[in-house]
*Asks:* 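Can you read through this structure? Questions will come right after.
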There are 2 protein chains.
Amino acid sequence: MAVTRRPGAHECGIAAAMSVIDGKWKVSLLWTLEQRPRRFGELRRLVPGVSEKVLAAQLRELETDGIVHREVFDEVPPRVEYSLTALGQDLNAALEPLGDWGAKHLLPDSA
Amino acid sequence: MAVTRRPGAHECGIAAAMSVIDGKWKVSLLWTLEQRPRRFGELRRLVPGVSEKVLAAQLRELETDGIVHREVFDEVPPRVEYSLTALGQDLNAALEPLGDWGAKHLLPDSA
DNA sequence: CAGTATCCTCATGGATACTG
DNA sequence: CAGTATCCATGAGGATACTG
């Protein structure tokens with residue numbers, strides 16, 4: 001997407017937040033990592049449709065934004081684990097109302 | 001942006017919600033309309049940078065999604081007013097935590 | 001395994017002219 | 001005023017081959 005930044009009240013915050021979750025797979029990644037840390041290959045499988053290139057790119061952006069922590073284990077074969085930072089967990093929590101809204105009003109069978 | 005839909009818990013709701021606010025200017029429009037109904041030309045001015053084409057397009061999408069109400073007054077010169085529906089107001093409310101998160105963690109001077 | 005490096009496609013949005 | 005119609009630019013993302 002890419003949201004526009006304008007001065008004033010909440011919107012700056014929303015725009016800033018949107019820029020962080022802007023990326024086709026980021027919310028999926030956030031949600032997947034909420035459960036537990038995952039390796040690169042796991043994420044590929046758990047988020048069907050992402051290409052390696054894009055997965056790596058979006059993980060790096062999330063890392064840069066302080067949402068995701070990347071830990072490299074010096075093993076053979078190589079192993080890298082991605083996990084949510086505290087900030088990332090907060091973000092996920094902040095997304096819940098939006099998810100609830102969507103589930104309630106947009107999904108076919110809102111429980 | 002265009003977020004991916006996958007089955008499971010909250011994410012569907014989030015994906016659905018994201019698809020509704022997906023569009024470069026939609027959140028700005030939402031926020032602008034929160035204050036009071038606005039005419040097309042007002043929105044052009046209040047949301048600097050949008051072209052007429054895109055403004056019209058995104059307003060229509062929001063209307064289709066039930067977020068925005070479009071009212072045509074049969075006057076000369078023509079007058080059309082856009083306002084938030086109840087659903088749109090709910091959406092805005094659901095976006096608040098996200099905005100707060102962004103303001104708190106991403107903006108330079110978080111009050 | 002966990003990524004780069006390339007190349008390519010296509011949708012979103014920008015600019016502008018025109019109309020009811 | 002409130003839009004459409006048209007044409008064009010850009011960049012995010014997809015596919016695939018290759019590497020440390």
Side-chain angles (χ1 to χ4, degrees), chain A residues 1-6 15 17-30 32-33 36-65 67-83, chain B residues 1-6 15 17-30 32-33 36-65 67-83:
Chain A
M1 180 186 120
V3 159
T4 313
R5 304 100 218 291
R6 283 197 307 126
M18 294 291 287
S19 77
V20 164
I21 57 175
D22 185 16
K24 188 170 178 181
W25 309 96
K26 286 189 186 174
V27 174
S28 292
L29 290 172
L30 247 24
T32 301
L33 292 176
R36 77 180 97 143
R38 298 287 188 176
R39 303 177 60 172
F40 188 86
E42 282 184 290
L43 291 172
R44 277 219 62 181
R45 270 172 272 115
L46 290 169
V47 182
V50 231
S51 68
E52 297 182 339
K53 183 192 103 177
V54 174
L55 176 56
Q58 308 218 344
L59 282 170
R60 281 193 187 294
E61 291 183 14
L62 289 171
E63 191 192 354
T64 297
D65 288 329
I67 306 300
V68 156
H69 173 68
R70 176 172 181 268
E71 183 147 18
V72 182
F73 297 86
D74 195 0
E75 305 175 357
V76 177
R79 178 166 151 234
V80 178
E81 274 195 1
Y82 295 88
S83 55
Chain B
M1 180 188 121
V3 159
T4 313
R5 304 101 217 290
R6 285 197 307 126
M18 294 291 288
S19 78
V20 164
I21 58 176
D22 186 15
K24 188 169 177 181
W25 310 97
K26 285 188 185 173
V27 174
S28 293
L29 291 171
L30 247 23
T32 300
L33 292 175
R36 77 181 98 143
R38 299 287 188 176
R39 303 177 58 174
F40 188 87
E42 283 183 289
L43 291 173
R44 277 219 61 181
R45 271 173 271 114
L46 292 168
V47 181
V50 230
S51 69
E52 297 181 338
K53 182 192 101 177
V54 173
L55 177 56
Q58 308 218 343
L59 282 170
R60 280 194 186 293
E61 290 184 14
L62 289 171
E63 191 193 355
T64 297
D65 289 328
I67 307 300
V68 156
H69 173 69
R70 176 173 181 268
E71 183 146 20
V72 182
F73 297 86
D74 195 1
E75 304 176 356
V76 177
R79 179 167 150 237
V80 177
E81 274 194 359
Y82 295 89
S83 55

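Chain letters run A, B, ... following the sequence lines, proteins first and then strands; every chain starts at 1.
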*Asks:* Would you give the length of the straight line joining atom CD of B:Q58 to atom NZ of B:K53, rounded to the nearest 0.5 angstrom?
*Replies:*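 Between atom CD of B:Q58 and atom NZ of B:K53 there are 10.5 Å.
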
*Asks:* Taking the side chain as everything from C-beta on, heavy atoms only, tell me whether B:L55 gets closer than 4.5 Å to B:L43.
*Replies:* yes

*Asks:* Strictly by Watson-Crick or wobble contacts shorter than 3.5 Å, is anything paired with C:dT19, and which nucleotide is it?
*Replies:* D:dA2

*Asks:* Whole Å only: how far is the CG atom of B:D74 from the P atom of C:dG20?
*Replies:*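 In whole Å, C:dG20 P lies 17 Å from B:D74 CG.
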
*Asks:* Provide, to the nearest angstrom, the distance between the CD atom belonging to B:E63 and the C1' atom belonging to D:dA2.
*Replies:* 14 Å

*Asks:* State, yes or no, whether a side-chain contact exists between A:V68 and A:L33 at a heavy-atom distance under 4.5 Å.
*Replies:* yes

*Asks:* Find the distance B:R45:CZ to D:dG3:P and express it as a whole number of Å.
*Replies:*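 About 14 Å, once rounded to whole Å.
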
*Asks:* So, OP1 or OP2 of C:dG13: does either fall under 4.0 Å of a side-chain N or O from B:Q58?
*Replies:*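 Answer yes for this pair, as a side-chain N or O of B:Q58 is under 4.0 Å from OP1 or OP2.
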
*Asks:* Would you say the side chain of A:Y82 lies within less than 4.5 Å of the side chain of A:L62, judging by non-hydrogen atoms?
*Replies:* no

*Asks:* Counting only side-chain nitrogens and oxygens, does B:Y82 get under 4.0 Å of the OP1 or OP2 atom of D:dC1?
*Replies:* no

*Asks:* Working to the nearest 0.5 angstrom, can you tell me the gap between B:R39 CZ and B:R45 CZ?
*Replies:*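 Going from the CZ atom of B:R39 to the CZ atom of B:R45 covers 8.5 Å.
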
*Asks:* Select one nucleotide: of D:dG20, D:dG14, D:dG3, the one nearest the side-chain heavy atoms of A:P78.
*Replies:* D:dG20

*Asks:* Judged by each residue's nearest nucleotide on DNA chain D, which is more toward the 5′ side, B:P77 or A:G49?
*Replies:* B:P77

*Asks:* Which nucleotide, in any strand shown, forms a Watson-Crick or G-U wobble pair with C:dT9, with both distances under 3.5 Å?
*Replies:* D:dA12

*Asks:* Check the distance between D:dA2's P and B:E81's CD and give it to me in whole angstrom.
*Replies:*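 Whole-Å distance recorded here is 9 Å.
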
*Asks:* From D:dG3, C:dT4, D:dG20, pick the nucleotide closest to the side chain of A:A56?
*Replies:* C:dT4

*Asks:* Atom CD of B:E52 to atom C1' of D:dA5: distance rounded to whole Å?
*Replies:* 12 Å

*Asks:* Checking contacts here: which listed nucleotide (C:dG3, D:dG3, C:dG14) is nearest the side-chain heavy atoms of A:R60?
*Replies:*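 My answer, after comparing the listed nucleotides, is C:dG3.
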
*Asks:* Counting only side-chain heavy atoms from C-beta out, which of C:dG3, D:dG13, C:dG14 sits nearest to B:K24?
*Replies:* C:dG14

*Asks:* For A:E81 and A:P37, work out which heavy atoms get closest and say how close.
*Replies:* OE1-CB, 3.8 Å

*Asks:* Relative to the 5' end of DNA chain D, which residue comes earlier, A:E61 or B:A57, by the nucleotide with the nearest heavy atom?
*Replies:*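 Whichever sits nearer the 5' end wins; that is B:A57.
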
*Asks:* Please determine if a side-chain N or O atom of B:R70 lies less than 4.0 Å away from the OP1 or OP2 oxygen of D:dG3.
*Replies:*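 Indeed, a polar side-chain atom of B:R70 lies that close.
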
*Asks:* Could you tell me how far apart A:L29 (CG) and D:dG13 (P) are, to the nearest whole angstrom?
*Replies:*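 Computing the A:L29:CG to D:dG13:P distance gives 11 Å.
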
*Asks:* Measure from the side-chain heavy atoms of B:V80 and tell me the nearest of D:dA2, C:dG14, D:dT4.
*Replies:* D:dA2

*Asks:* Within the 4.0 Å heavy-atom criterion, would you say B:F73 contacts the bases, only the backbone, or no part of the nucleic acid?
*Replies:*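 Counting heavy atoms under 4.0 Å across all strands, no contact is made by B:F73.
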
*Asks:* Please give, in whole Å, the distance from D:dG13 P to A:W25 CH2?
*Replies:*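 Interatomic distance, CH2 of A:W25 to P of D:dG13: 10 Å.
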
*Asks:* Any donor-acceptor pair, under 3.5 Å, between the side chain of B:K53 and the base of C:dG14, if you only look at N and O atoms?
*Replies:*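 Result: at least one qualifying N/O pair found.
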
*Asks:* For C:dA2, does either OP1 or OP2 sit under 4.0 Å from a side-chain N or O belonging to A:R39?
*Replies:* yes

*Asks:* May I have the distance from A:E71 (atom CD) to C:dG3 (atom C1'), rounded to whole angstrom?
*Replies:*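 Taking atom C1' of C:dG3 as the reference, CD of A:E71 is at 18 Å.
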
